[in-house]
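Inspection log for the structure reproduced underneath, given as structure tokens.
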Amino acid sequence: MTRHFRTLLDLERDELADLLDRADRLKAARGTAAALADKPLAGKSVAVVFEKASTRTRISFEVGIHELGGQPVVLIAGDTQMGRGEPLSDTAMMFSRFVHGVTYRTFGHDKIEALAAGSSVPVINALSDAYHPCQLLADLQCVRAEKGRLEGVRVAWIGDGNNMAHSWINAAAQTGLSLRLACPEGYRPNPAILEKARGLGADVTLTDDPREALAGVDVVTTDVWTSMGQEAETQARLRAFDGYIVDEAAMRLADPSAIFLHCLPAHRGEEVSAAVIDGAQSRVWDEAENRLHAQKALLVHLLG
Ligand code: CP
Ligand code: NVA
């Protein structure tokens, strides 16, 4: 059966741990003669498909596939027949005949599911409205490097109950980290995703008070208040998230050794202050770099 990576739940817990180990090895070895000679994707091509904007995801997949010896085929969906309404089922058939894997950034998560359902090659979710699992691989690699473990690490999510929040919820189920979400009314995570994760043993709490979520945590993380596709809601969201900025006062509520993460792009002065994202506790550049290492590990796992 074809393996896909639609959400973090598509991996077994031990597979995820092995994948993060591999990501660490790839990070340490990058640029060495041994790494340059190791081409697990030699002779393979991967379609890298975007229906939304991207900087990090595009660069990390394109460079990562190249470094593994494969051929990335970057497609901006609007420039393809996908943008003219060719059915996803037919597109999936075409990808299956031409390439060895597909990464897909889109809107509704049902489109990830539809592409995967019709594809005999692995489909990797490069962000949907509901999940961003590739980002979580990088974030978990970062947390593990900083804290030495994932089990029991206390993480505060401050802001929108969005695709990133949902993937942190799945990460809690898959790793044993303890997640405290602070989201305003109307912007809470999908209850079905929360309940499923809790059913798998995830330690996740939900409040509307950022101070409660932040108390003593090891990791503080947030994301934009207006995700791609929600631009028309910007003003309402600015009002709803008033008081949810991660600033220096917020960071003082966390453990003194806490790190700050953000998937980027960030809006300084909205969800995070410049002093925090550009400050000593921020690890956002390591986090972004880890996209490369973690996705290379994922590609080797699924296609290598
Ligand atoms: N974090 C992230 O996915 O960044 P891009 O939107 O730039 O790919
Ligand atoms: N929640 C954001 C993440 C961007 C990487 C969005 O979906 O736009």
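Note that ligands are numbered from 1 as they come in the structure, with each ligand's atoms numbered from 1 the same way. From a predicted model like this one, the values you see are computed outputs, not experimental measurements. Start at 1 with the first residue, then count along the sequence.
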Between [X] (side chain only) and [Y] (backbone N and O only), is there a donor and an acceptor less than 3.5 Å apart?
{"X": "Asn290", "Y": "His293", "value": "no"}
{"X": "Ser96", "Y": "Ser120", "value": "yes"}
{"X": "His166", "Y": "Ala130", "value": "yes"}
{"X": "Ser167", "Y": "Met164", "value": "no"}
{"X": "Ser119", "Y": "Ala92", "value": "no"}
{"X": "Lys196", "Y": "Pro191", "value": "no"}
{"X": "Asp218", "Y": "Arg154", "value": "yes"}

Parallel, tilted or perpendicular: rings of Tyr187 and Phe241 (30°, 60°) = tilted

So, Thr57 and Arg291: side-chain donor and acceptor under 3.5 Å apart, yes or no?
->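 The answer is yes; a qualifying pair exists.
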
Which heavy atom of the protein is the closest neighbour of [atom], given with residue, atom name and distance?
{"atom": "atom 4 (C) of ligand 2", "answer": "Leu127 CD1, 3.9 Å"}
{"atom": "atom 7 (O) of ligand 2", "answer": "Asn163 ND2, 2.8 Å"}
{"atom": "atom 8 (O) of ligand 2", "answer": "Met228 N, 2.8 Å"}
{"atom": "atom 3 (C) of ligand 2", "answer": "Asp223 OD2, 3.6 Å"}

For ligand 2, is there an N or O atom under 3.5 Å from any N or O atom of Arg105?
-> no

Look at ligand 2 and say whether Thr226 reaches it with a heavy atom at a distance under 4.0 Å.
-> no

Counting each atom of ligand 2 from 1 as listed, which ones have a heavy atom of Asn162 under 4.0 Å away?
->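 With Asn162 as reference, the close atoms of ligand 2 come out as 1 (N).
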
With heavy atoms of Leu264 as the reference, note each atom of ligand 2 found under 4.0 Å away.
->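 Taking each heavy atom of Leu264 in turn, ligand 2 has 5 (C) under 4.0 Å.
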
Protein residues near ligand 1, heavy-atom distance below 4.0 Å?
->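 Near ligand 1, by chain and number: Ser54, Thr55, Arg56, Thr57, Arg105, His132, Gln135, Cys263, Leu264, Arg291.
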
Listed by chain and number, what are the side chain to side chain donor-acceptor pair (under 3.5 Å) partners of Ser60, not counting sequence neighbours?
-> Gln295

